[in-house]
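Since the structure comes first, as structure tokens, the remarks are kept for the end.
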Amino acid sequence: GFRPGGSDVSSGINAEYGGVNTIRTMTTLTAKHATGGSTWGVNGETGEIVDMQTFGIWDTLQVKCQVLKTAIETAILLLRIDDIVSGVKKQSDIDAEKMAGKFQQQQQEPPQEE
């Protein structure tokens, strides 16, 4: 059937999977939205831009909330991964500096006589 087209993200995904020219379709859809056509979306079967209201298709608040929740969770996950990678890198830098310091210290000490 038809897919909801109220959100630019879902419309772009639908257009891409539908095999249409995504850039042209999204540009036209954005223009429709900018001129007050908030109910326009992409027909998932044909790739055409249509008024979703005439088809009785609406993005529910529940769907929009889930999209936002998923986006936020994904961003948090990426930031955590970045922190972990940065932490590992920083710890290895610290260890390398310690080893370099010990090496330099050994080079500067005079050999001990027996």
Side-chain angles (χ1 to χ4, degrees):
F2 296 103
R3 299 178 189 221
S7 128
D8 285 344
V9 174
S10 64
S11 298
I13 292 169
N14 292 339
E16 197 167 315
Y17 285 130
V20 299
N21 183 333
T22 308
I23 295 172
R24 181 178 298 141
T25 302
M26 292 308 298
T27 302
T28 306
L29 183 60
T30 302
K32 288 275 193 190
H33 289 171
T35 59
S38 62
T39 60
W40 288 81
V42 178
N43 179 328
E45 292 179 344
T46 65
E48 295 174 356
I49 295 178
V50 294
D51 187 350
M52 291 292 158
Q53 185 174 5
T54 61
F55 293 106
I57 297 176
W58 300 91
D59 279 340
T60 63
L61 177 61
Q62 191 174 20
V63 171
K64 291 181 188 284
C65 288
Q66 185 60 46
V67 168
L68 290 172
K69 181 180 175 186
T70 303
I72 291 168
E73 289 173 353
T74 303
I76 290 170
L77 179 66
L78 290 172
L79 290 171
R80 285 184 185 157
I81 291 170
D82 186 52
D83 286 346
I84 291 169
V85 171
S86 296
V88 168
K89 187 181 288 186
K90 289 177 185 174
Q91 186 60 44
S92 66
D93 290 345
I94 292 169
D95 292 342
E97 288 173 8
K98 286 181 183 175
M99 292 300 293
K102 287 180 183 177
F103 179 76
Q104 288 177 352
Q105 194 175 36
Q106 289 174 353
Q107 295 296 327
Q108 292 174 357
E109 293 176 2
Q112 295 185 3
E113 296 177 19
E114 294 182 29

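Positions are given from 1, in the same order as the sequence printed here.
Checked against side-chain contact (heavy atoms from CB on, under 4.5 Å), Thr28 has the following partners two or more places apart in sequence or in another chain: Arg24, Ile49.
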Residues 71-80 side chain polar contacts: donor-acceptor under 3.5 Å, at least two apart:
{"from": "Thr74", "atom 1": "OG1", "to": "Thr70", "atom 2": "O", "distance (Å)": "2.8"}

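Among all heavy-atom pairs drawn from Leu29 and Trp40, the shortest one is CD1-O, 3.5 Å. Scanning both residues, Asn43 and Met52, for their nearest heavy atoms gives N-CE, 3.9 Å.
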